[in-house]
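Since the structure is predicted, the reported quantities are computational estimates derived from the model, not experimental observations. In what follows, every chain begins at residue 1, and chains take the letters A, B, ... in the order their sequences are listed.
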Amino acid sequence: MFQRLRGTRDFYPEEMAARNKLFKIIKETAERYGFVEIVSPAIESFDLIAKKSGEDIRDEIYAFEDKGGRTICLIPEFTPSVSRMIANRQKELGKPLKWFSIPRHWRYERPQSGRLREFYQLNVDIFGSKSPKADTEVLSVGISIMLNLGLKDFLFHISNREFLQGLLQESNVSDIHEAFRIIDKREKIPEEEFIESLLNCGIKNYDEILDVLDSVNIENIENFKGRNKMIDRSIDNLLDISKSLDYYGFKEYCTLDLSVVRGLAYYTGMVFEVYDKKKEMRSLFGGGRYDDLVESFGGEPTPAVGFGMGDVVLELMMKKEGVWPEEKTYIDYYVADIGDVDKYVLSIVRKLRDKGYRVSFDLADRNLSNQLKYADRINAKNVIFVGEKELKEGKIVIKNMETGEQEKVEIGKI
RNA sequence: GCUAGGGUAGGGUAGCGGUUAUCCUAAAGGACUGUGGAUCCUUUGACUCGGGUUCAAAUCCCGGCCCUGGCCCCA
């Protein structure tokens with residue numbers, strides 16, 4: 001007997017139905033915001049992936065040599081592919097682009113709660129707009145998706161990297177991305193270790209910086225202006241976003257949280273991370289602005305903002321909140337035969353199918369009892385009995401399986 | 001890569017040194033003159049794998065595999 005590979009999932013009919021429902025809600029929401037769907041290959045050259053994440057990524061992904069000796073990999077994320085797509089057709093695409101996709105990704109990791117080796121990830125991005133309105137649009141579609149999925153106990157923690165970057169510029173930081181990584185980990189590591197790491201980075205005034213991070217909120221942030229250009233720019237951006245979110249009616253789902261920096265090197269402006277309100281689970285998803293990335297993939301300079309939302313944590317959260325779709329598969333009609341009536345059964349089945357109904361009939365030469373059992377099993381809404389007795393008067397019997405009621409109908413009426 | 005706890009029919013379980021490995025459920029088939037979605041009967045089907053201890057291993061020990069968490073990492 002063969003087993004599934006570690007960290008992968010089979011989707012049996014009910015599970016597939018649930019997934020289809022989930023994706024349908026997500027797609028419809030994204031489309032209502034004017035995003036259009038794209039998809040790209042599951043395999044890409046290793047160089048493309050390494051361009052963004054570095055050669056070391058090899059240990060964490062599925063990479064291998066193909067028969068032509070090329071090093072290729074199963075895509076572990078979407079950003080390189082979509083950046084490539086944009087760079088490839090730079091000239092003909094009308095900006096701003098609003099694209100979404102729900103590709104499958106593969107990562108060679110140890111599976112644990114909310115994390116598998118194969119998963120789906122919604123990617124929503126706007127390319128070609130620097131405006132805070134694009135930041136807000138991305139946040140809003142994210143909030144709408146959560147709400148349309150039936151979730152409400154979530155909070156978008158919004159920040160802007162340039163604020164912290166501006167603060168750090170004032171001290172002599174050796175490696176700014178290392179500093180981002182450390183501050184991103186603040187809640188996870190012991191205080192002493194945290195401070196020591198900051199000192200190692202050359203941040204001597206760490207207490208001042210932490211003080212600022214802790215005391216800033218959306219009401220008083222304006223008071224921090226005037227320190228340097230970068231900080232001012234980030235404050236304007238955050239205030240713009242906050243204002244737009246208020247106008248749009250989504251302010252209640254957001255909070256300013258400057259401790260959110262995200263570990264990744266490529267983010268340039270607004271960044272956000274979504275948590276359940278009680279912060280019991282790992283981060284649900286996150287994203288931000290990455291204005292330099294497309295250019296680094298060989299395209300023209302193209303500002304971009306977006307997010308990635310994995311399906312695994314989402315499913316956990318939805319199950320916890322009791323809003324996971326429990327979809328049952330069903331058919332509209334099961335046509336049961338009693339006696340030698342194939343001719344009638346098949347013509348009835350054909351007519352009903354042409355009308356758009358989901359229809360099945362006996363494929364296993366079963367007796368009536370077992371046919372009914374099967375009809376029940378596959379969740380048939382109605383059973384049509386085609387029996388020799390009724391056929392003599394040109395009739396068939398339709399039974400509603402939910403109410404148990406049944407009636408004789410002229411065969412021509414189908 | 002490190003680490004904790006698990007693995008008994010398709011699903012859920014009992015057994016925890018000697019049983020014909022328990023029960024529920026499921027599936028397949030049959031009976032019942034064509035409402036039988038019921039009932040009754042029959043059948044199918046399991047100790048994760050390998051090694052060790054023992055007269056005897058599902059049961060104890062070691063290792064692999066897999067599952068569920070945690071760490072690392074998190075795009």
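- Across all strands shown, A:Ile61 has heavy atoms under 4.0 Å from base atoms, whether or not it also approaches the sugar-phosphate.
- On the C1' atoms, B:C60 is 10 Å away from B:U54, given to the nearest whole Å.
- For the C1' atoms, the distance linking B:G15 with B:A58 amounts to 9 Å, nearest Å.
- For the P atoms, the distance from B:G36 to B:A9 is 36 Å, rounded to whole Å.
- One finds a side-chain N or O of A:Lys185 lying less than 4.0 angstrom from the OP1 or OP2 phosphate oxygen of B:C73.
- Taking 4.0 Å as the cut-off between side-chain N and carboxylate O, A:Asp362 and A:Arg366 do not count as a salt-bridged pair.
- Annotation: B:A14 and B:U25 have their C1' atoms spaced 15 Å apart (nearest Å).
- Looking at the side chain of A:Ser369, the nearest of the listed nucleotides B:U35, B:A31, B:G34 is B:A31.
- For the OP1/OP2 pair of B:C74 and a distance below 4.0 Å, the side-chain nitrogens and oxygens of A:Arg181 include at least one atom meeting the criterion.
- When heavy atoms are screened at a 4.0 angstrom cut-off, A:Gly7 is found touching the sugar-phosphate backbone but no base atom.
- Distance check on atom C1': B:G18 versus B:G50 gives 24 Å, rounded to whole Å.
- What separates CZ of A:Arg377 from P of B:U25 is a distance of 15 Å, to the nearest Å.
- Contact check, A:Asn370 against B:G30: a side-chain N or O comes under 4.0 Å of OP1 or OP2.
- For the C1' atoms, the distance linking B:U48 with B:A57 amounts to 15 Å, nearest Å.
- Atom pair A:Tyr266:OH and B:C74:P shows a separation of 12 Å (rounding to whole Å applied).
- Heavy atoms of A:Thr79 sit nowhere under 4.0 angstrom from any nucleic acid atom.
- Position along RNA chain B of the nearest nucleotide to A:Glu388 versus A:Asn400 favours A:Glu388 as the more 5'-ward residue.
- Spacing of P atoms, B:A31 relative to B:C67, comes out at 45 Å, to the nearest Å.
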query = So A:Phe307 and A:Phe285, ring pair (Phe, Tyr, Trp, His ring centres under 6.0 Å) or not? Walk me through it.
reply = CA-CA 8 Å; A:Phe307 66 80; A:Phe285 68 99; 5.1 Å; yes

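- Spacing between atom CG of A:Leu368 and atom P of B:G30 amounts to 13 Å, rounded to whole angstrom units.
- No engagement by A:Phe78 is indicated, since no non-hydrogen atom pair under 4.0 Å with the nucleic acid exists.
- Looking at heavy atoms from C-beta onward, A:Lys95 lies in side-chain contact with A:Thr302 at the 4.5 angstrom threshold.
- For the pair A:Arg110 and B:C73, the criterion of a side-chain N or O lying under 4.0 Å from OP1 or OP2 is not met.
- A salt bridge is absent between A:Glu77 and A:Arg107; no separation between the charged side-chain nitrogens and carboxylate oxygens falls under 4.0 Å.
- Note: CE (A:Met281) to C1' (B:G70) measures 16 Å, nearest angstrom.
- For the pair A:Gln121 CD and B:C74 C1', the interatomic distance rounds to 11 Å; values are reported in whole Å.
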Test log, rule salt bridge (charged side-chain N to carboxylate O under 4.0 Å, His left out), inputs A:Lys130 and A:Asp291 = CA-CA 8 Å; A:Lys130 276 190 177 162; A:Asp291 286 345; over 6 Å; no

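- Donor-acceptor pairing under 3.5 Å is recorded for the side chains of A:Arg104 and A:Tyr120.
- Listed nucleotides B:A31, B:C71, B:U35 differ in distance to A:Asn367; the shortest reach to its side chain belongs to B:A31.
- Taking side-chain N and O atoms only, A:Gln112 has a distance below 4.0 Å to OP1 or OP2 of B:G70.
- A gap of 26 Å separates the P atoms of B:G11 and B:G30, to the nearest Å.
- Distance CD (A:Glu60) to C1' (B:C2): 15 Å, rounded to an integer number of Å.
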ask   = With Watson-Crick and G-U wobble geometry limited to distances under 3.5 Å, how should the secondary structure of RNA chain B be encoded in dot-bracket form, using | for bases paired to another strand and [ ] for crossing pairs?
value = (((((((..(((.....[....)))((((((.......))))))...(((((..]....))))))))))))....

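- Using modelled atom types and a 3.5 Å distance limit, the side chains of A:Asn237 and A:Asp135 yield a donor-acceptor pair.
- A donor N or O paired with an acceptor N or O is found under 3.5 Å between the base of B:G34 and the side-chain atoms of A:Glu390.
- Regarding contacts with the backbone of B:A28, a side-chain N or O of A:Arg366 is found under 4.0 angstrom from either OP1 or OP2.
- Distances from the side chain of A:Val397 to the nucleotides B:C73, B:U35, B:C66 place B:U35 closest.
- The aromatic rings of A:Phe180 and A:His177 sit tilted, their planes meeting at an angle between 30° and 60°.
- Between A:Arg117 atom CZ and B:C66 atom P there is a gap of 8 Å when expressed in whole angstrom units.
- Relative to the six-membered ring of A:Tyr108, A:Arg117 meets both conditions, a distance below 6.0 Å and an angle of at most 45° to the axis.
- Here A:Arg115 does not reach the OP1 or OP2 of B:G69: none of its side-chain N or O atoms lies under 4.0 Å away.
- Taking atom CD1 of A:Ile378 as the reference point, atom C1' of B:A27 lies 15 Å away to the nearest angstrom.
- RNA chain B is contacted by both A:Gly286 and A:Ile338; A:Ile338 maps to the nucleotide lying nearer its 5′ end (nearest heavy atom per residue).
- Side-chain N/O atoms of A:Tyr275 and A:Arg282 include no donor and acceptor closer than 3.5 Å.
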